Amino acid sequence: GESVGLHLPTLSVQEGDNSIINCAYSNSASDYFIWYKQESGKGPQFIIDIRSNMDKRQGQRVTVLLNKTVKHLSLQIAATQPGDSAVYFCAESVYSSASKIIFGSGTRLSIRP
Amino acid sequence: GAVVSQHPSWVICKSGTSVKIECRSLDFQATTMFWYRQFPKQSLMLMATSNEGSKATYEQGVEKDKFLINHASLTLSTLTVTSAHPEDSSFYICSARVMGGVNTEAFFGQGTRLTVV
């Protein structure tokens, strides 16, 4: 079946550096993409989203880039902090009501002091 | 942001018994809720889509008779794991999407850790 996948299962970053987490998706019908952060033992926490009519969206310290040509998403975290340590998931959906959200395989981000 | 609450946060049950997990949207109405299961070090796998007032839609490979879903109101969906076995031990997470607005962001509950012994 179609799926959302990731290039790197783990990422170790020096505190203060920027982090880049990548994701590939395969469902060409998906037009809404979301990044989630999940800390141990908790549910996913929304970070940022983007629709397919955009190629970049910025939030507070985070930026999501969407390349529809190669079906690739990335999440950039600026000035990575210890509190950013978590597993990050990309997810895809269709931008309409009640559409299910399908998760990718996840990347664990660890921060080196 | 909107809040989705799950209860209980964790539960331990004996093999063969049934367990009910509740998912509530506290400050918004959700005509649709989603149930996920997450095994250790894995991603969230969608189990079913729960629609208020109608039957749930299950993903391929998910046994509807084992995982009973009821969505009786716009703020409550329940997942019952029937005749639970150790292999059902997992982290169960519900989600609800805000309906009728510009933003279709989905909000997630804090999850329920089920351990079957």
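Below, chain A is the first sequence line, B the second, and so on; all start at residue 1. Being a predicted model, the structure only gives us computed values, none of them experimental.
- Under 4.0 Å is where a charged nitrogen must lie from a carboxylate oxygen, and between A/R57 and A/D49 at least one such pair does.
- The aromatic rings of B/F107 and B/F28 lie tilted to each other, with the angle between the two planes from 30° to 60°.
- When the candidates B/L44, B/I93, B/T57 are compared by the number of heavy-atom contacts under 4.5 Å with chain A, B/L44 comes out ahead.
- Heavy-atom distances place the side chain of B/Q38, and not its backbone, under 4.5 Å from chain A.
- Among B/E59, B/R113, B/Q42, the residue with the largest count of heavy-atom pairs under 4.5 Å with chain A is B/E59.
- B/K20 and B/E22 are not joined by a salt bridge, as no carboxylate oxygen comes within less than 4.0 angstrom of a charged side-chain nitrogen.
- Taken to the nearest 0.5 Å, the CG atom of A/L11 stands 5.5 Å off from the CG atom of A/L109.
- Using a 4.5 Å cut-off between heavy atoms, A/Q45 makes no contact with chain B at all.
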